[in-house]
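Structure below; questions to follow.
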Amino acid sequence: VLRQRSEPARRSAPGTAEQPRVVTARGDLAQDEKATIELFRSVSPSVVHITSLESRRSRLSFDVFNIPQGTGSGFIWDSQGHIVTNNHVVEGARRIQVHFSDDTEAEAEVVGTDPDTDLAVIKVDVPAAMLHPVELGESNTLRVGQRAIAIGNPFGFERTVTTGIISAVGRVLRQSSGFSLPNLIQTDAAINPGNSGGPLLDSRGKVIGVNTIIFTNSGFSSGVGLAIPVNTVKRVVPELIETGHFAHPWLGISGYSINFELAEVLDLPVDRGVLVGEVIKDGPSAQAGLRGGQRQVLVEGFVEPIIAGGDIITTINDTEVGSMDDLITYLESTMVGQEVELTILRDGDEQRLTVKLDERPNF
């Protein structure tokens with residue numbers, strides 16, 4: 001029962017007429033509200049709820065029980081039944097169930113995974129009429145401040161829509177593997193556990209990213225969510241469908257971003273670039289003649305000693321390299337087998353080296 005607070009009767013002043021209140025008709029919505037409603041109506045049938053299950057056999061019988069292991073989101077890629085999600089949503093799953101917008105459920109199989117981009121493709125065998133592929137947008141032209149809309153299944157609440165803006169672009173996040181995710185999109189659209197793998201959309205309803213990570217102290221949305229850019233998805237997903245994995249290009253080095261403080265401590269000739277610390281034996285850069293450091297130096301602010309004395313990378317294919325993030329981001333646009341030209345400083349002299357990129361190994 002809803003209760004409405006009563007107000008005391010008001011009387012008009014003598015000789016004046018009571019002015020009627022202006023009442024907005026129910027359903028008279030602003031244009032941006034109508035646009036969001038239409039976007040959700042159009043795109044939500046393309047978003048699915050994914051549950052990964054772990055099979056366990058009862059000790060007392062021959063019955064097999066499916067124990068929920070994880071939950072997340074995904075979106076329909078094509079009319080052949082391919083669905084894109086995060087690798088961490090399906091990683092280690094023995095069974096995967098997909099729940100569609102019309103309440104239909106289907107089992108899915110893993111087609112391909114790429115832990116380094118946290119992308120995965122699964123496939124369902126359902127009638128094509130049930131499949132509503134998403135429309136892909138463009139992430140290279142995104143601008144900070146434009147609208148961002150997320151659709152997913154936070155905490156299992158299916159087809160939840162949240163809105164916000166693009167807070168930043170080009171974020172680079174180091175993973176536990178030691179490799180980094182480049183070009184991430186940051187948004188303040190609410191993203192919570194269960195949104196993983198769902199689409200981040202622009203105001204036209206086109207996919208601009210795949211929601212993957214939140215930064216939080218509480219475990220819930222704090223307004224800092226990150227999404228894999230759709231241009232990365234466009235590169236990785238077709239390979240996952242065709243071969244089951246994605247070959248990442250690799251220089252075969254580890255290094256440090258140079259800033260003013262590091263340049264001053266190590267007496268470097270530049271205050272921007274990448275100081276090469278280690279060159280992996282028999283890797284692409286080693287074969288090209290790139291040199292790593294020879295001595296260890298304790299530098300304030302670094303947990304471990306810096307390996308100093310190596311080459312300094314200043315450009316790759318004539319594109320300025322100001323930091324390791326710049327180098328990692330540029331490599332994202334290259335392919336295995338491609339040759340890149342590095343401009344380096346060695347003992348104060350500028351040199352150019354050509355490196356043929358190899359496939360990054362699994363460590």
Side-chain angles (χ1 to χ4, degrees), residues 86-89 91 113-120 139 166-187 191 193 195-197 200 209-217 219 222-233 235-236 245-259 261-262 272-280 283-285 290 292-293 296-308 310 312-313 316 319-334 336 340 357-363:
N86 283 148
N87 174 71
H88 75 259
V89 171
E91 187 175 24
T113 62
D114 182 40
D116 289 332
T117 55
D118 196 24
L119 289 172
S139 54
I166 293 174
S167 305
V169 293
R171 296 297 194 202
V172 179
L173 180 67
R174 186 176 177 86
Q175 303 181 91
S176 58
S177 65
F179 297 111
S180 297
L181 274 172
N183 280 327
L184 295 176
I185 303 165
Q186 182 181 331
T187 180
I191 298 173
N195 275 110
S196 292
L200 187 70
V210 179
N211 300 315
T212 185
I213 296 170
I214 58 173
F215 276 82
T216 175
N217 292 323
S222 59
V224 181
L226 296 172
I228 304 159
V230 73
N231 283 22
T232 298
V233 180
R235 294 178 65 230
V236 174
H245 80 285
F246 181 77
H248 288 270
W250 188 54
L251 275 174
I253 66 169
S254 63
Y256 313 94
S257 297
I258 298 174
N259 55 26
E261 290 80 7
L262 188 63
R272 285 176 57 81
V274 169
L275 175 64
V276 179
E278 181 183 7
V279 178
I280 307 302
S285 292
L290 197 68
Q296 293 188 346
V297 180
L298 290 173
V299 177
E300 186 177 356
F302 287 82
V303 177
E304 298 178 351
I306 291 288
I307 305 175
I312 296 172
I313 300 173
I316 180 169
T319 299
E320 183 180 354
V321 174
S323 65
M324 276 296 293
D325 284 358
D326 291 343
L327 189 59
I328 291 167
T329 299
Y330 186 90
L331 288 172
E332 178 68 17
S333 66
T334 62
V336 172
V340 295
L357 301 175
D358 202 353
E359 180 176 353
R360 191 163 72 195
N362 293 321
F363 290 99

For H88, the ring pair (Phe, Tyr, Trp, His ring centres under 6.0 Å) test, sequence neighbours excluded, returns none
What is the distance from atom CG of N183 to atom CD1 of I328, rounded to the nearest 0.5 Å? 10.5 Å
Side chain to side chain donor-acceptor pair (under 3.5 Å), that's the test. Do E91 and T113 meet it? Break it down for me. CA-CA 8 Å; E91 187 175 24; T113 62; over 6 Å; no
To the nearest 0.5 angstrom, please state how far the OG1 atom of T334 sits from the NE2 atom of H248. 11.0 Å
Can you see which heavy atom on P193 is nearest to which on I214, and at what distance? CD-CD1, 4.3 Å
Can you find a pair of side-chain heavy atoms, one from I316 and one from L331, that are under 4.5 Å apart? yes
Out of curiosity, I213 CD1 to S196 OG, how far, rounded to the nearest 0.5 Å? 8.5 Å
Is there side-chain contact between P284 and L357, with at least one heavy-atom pair below 4.5 Å? no
Residue list, side chain to side chain donor-acceptor pair (under 3.5 Å) with Q186, at least two apart or on another chain: R171
Please answer whether the main-chain N or O of Y330 pairs with a side-chain N or O of S333 as donor and acceptor at a distance below 3.5 Å. yes
Just jot down the side chain to side chain donor-acceptor pair (under 3.5 Å) partners of N231, sequence neighbours excluded, or say none. E138, S139, N140
Sorted by chain and number, sequence neighbours left out, side-chain contact (heavy atoms from CB on, under 4.5 Å) with E278 holds for S254, I280
Report yes or no: does S222 contribute a side-chain atom to a donor-acceptor pair with the main-chain N or O of F215 at less than 3.5 Å? yes
With Y256 via side chain to side chain donor-acceptor pair (under 3.5 Å) - residues at least two apart: none
Derivation of the side chain to side chain contact (heavy atoms under 4.5 Å, CB included) call for L251 and L327: CA-CA 10 Å; L251 275 174; L327 189 59; 4.0 Å; yes
When rounded to the nearest 0.5 angstrom, what distance separates CD1 in I313 from CD in E320? 13.5 Å
Testing the basics here: between G255 and V274, what is the closest heavy-atom pair and its distance to 0.1 Å? CA-CG1, 4.4 Å
Below 4.5 Å, heavy atoms only, C-beta onward: do L181 and T232 meet side chain to side chain? no
Donor-acceptor pair, distance only, cut-off 3.5 Å: does the side chain of S257 make one with the backbone of M324? yes
Taking the side chain from R235 and the backbone from F246, do they hold a donor-acceptor pair closer than 3.5 Å? no
Which value, rounded to the nearest 0.5 Å, describes the distance between T187 atom OG1 and N211 atom CG? 7.5 Å
Any residue meeting side chain to side chain donor-acceptor pair (under 3.5 Å) with T117, in chain and number order, not counting sequence neighbours: D114
Checking the side chain of S285 only, and the main-chain atoms of G252 only, is there a donor and an acceptor separated by less than 3.5 Å? no
Can you sort out the partners of E359 under salt bridge (Lys or Arg N to Asp or Glu O under 4.0 Å), two or more places apart, ordered by chain and number? none
Is the backbone of G197 close enough, under 3.5 Å, to the side chain of N86 for a donor and an acceptor to pair up by distance? yes
Minimal heavy-atom distance between E332 and P182, with the atoms involved, is OE1-CG, 3.6 Å
Answer yes or no: is there a donor N or O on one side and an acceptor on the other, between the side chain of D118 and the main chain of N87, under 3.5 Å? yes
Taking the side chain as every heavy atom from C-beta outward, state whether I312 and L275 have any atom pair closer than 4.5 Å. yes
Approximate separation, where rounding is to 0.5 Å, of T212 OG1 and I191 CD1: 9.0 Å
